[in-house]
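For ligands, and for the atoms within them, numbers begin at 1 and follow the listed sequence. Quick caveat, the model's predicted, so the values are computed rather than measured.
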Amino acid sequence: MKLIPLPAFTDNYIWLLHDDHHALVVDPGDGAVVLAWLAQNPLVQLDTILVTHHHADHTGGLADLCMHTGARVHGPAMEILPIAHSGVQQGDHVHWHGLSWHVIDVPGHTAGHIAFWAQIPEQVPILFCGDTLFSGGCGRLFEGTPAQMLDSLDRLAALPGDTRVCPAHEYTLSNLKFALAVDSENAALSAYHRACTQLRQQGQPTLPVSLLTEQAINPFLRSRSHAVSAAVKQHDALAVDDVTTFAALRTWKNEFK
Ligand SMILES: [Zn+2]
Ligand SMILES: [Zn+2]
């Protein structure tokens with residue numbers, strides 16, 4: 001299985017997974033990007049599309065791709081997409097050429113947001129998490145509450161640590177700037193920031209990233225740690241428990257320049 005981030009728009013990645021014969025893509029906001037890859041790889045057939053949530057930068061290419069390839073779309077049961085899809089939710093599985101994608105409900109960024117996780121034979125697992133978990137950050141709360149998002153991130157954080165986390169945006173460096181402001185004594189975070197800066201200077205994606213790394217550096221996965229919760233409390237005295245701390249951290253990030 002080969003995993004490829006196809007860049008789209010200014011900072012989206014459309015993740016493509018293939019076994020030299022069949023491909024799936026995740027959140028194709030732009031169909032042309034995927035069709036161009038397929039044209040260069042004529043032996044690979046796109047047969048499946050996974051969608052994490054309804055935003056246009058994740059769904060804009062669906063109609064185009066379905067028309068050209070006949071691929072089947074699996075997406076959130078609770079959301080409306082621009083094209084008919086098979087709705088899936090927590091506990092469902094999407095079977096694809098020997099893989100079984102576990103569907104995880106992760107509301108917060110949108111009300112029906114889902115993620116897909118699978119074990120890959122002879123490789124480490126893969127998580128497609130859309131706009132819920134980013135490297136060094138998490139999605140904005142457009143339709144859900146801080147309590148929901150914290151719960152969703154807890155669900156993702158419970159997956160095996162070697163999981164390759166595949167978010168839909170290259171937001172890493174701007175997220176790390178904020179993370180360093182919150183969690184300034186974190187040596188793993190400084191080292192990760194240096195490594196990601198170098199990757200971006202070379203024009204390389206910072207993703208995928210292992211879940212273990214995220215647990216060490218992402219303030220939104222570390223909001224219960226002493227370092228992060230103390231910094232948040234200093235910024236906002238109303239942060240008194242897990243949920244209010246997480247909410248204050250998210251608000252702080254929204255306002256951070
Ligand atoms: Zn979104
Ligand atoms: Zn997005």
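Listed by chain and number, the protein atoms of type N/O/S under 2.8 Å from the Zn ion (ligand 2) are D57 OD2, H58 NE2, D131 OD2, H169 NE2; waters are omitted.
Among the backbone and side-chain atoms of H109, an N, O or S atom lies under 2.8 Å from the Zn ion (ligand 1).
Both W15 and W101 belong to a single network of hydrophobic side chains, linked directly or stepwise wherever heavy atoms of I, L, V, M, F, W or Y lie under 4.5 Å apart.
For F128 and F116, the ring centers sit 6.0 Å or farther from each other. Between H102 and H93, the ring center distance clears the sub-6.0 Å criterion.
Salt bridge annotation for D154-R224: present, with a cationic side-chain nitrogen under 4.0 angstrom from a carboxylate oxygen.
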### side-chain hydrogen bond (donor to acceptor under 3.5 Å, both in side chains) assessment of T206 paired with Q204
CA-CA 6 Å; T206 61; Q204 299 293 319; over 6 Å; no
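Under the rule for a side chain to side chain donor-acceptor pair (under 3.5 Å), the partners of T163 that lie at least two apart in sequence or sit in another chain are W117.
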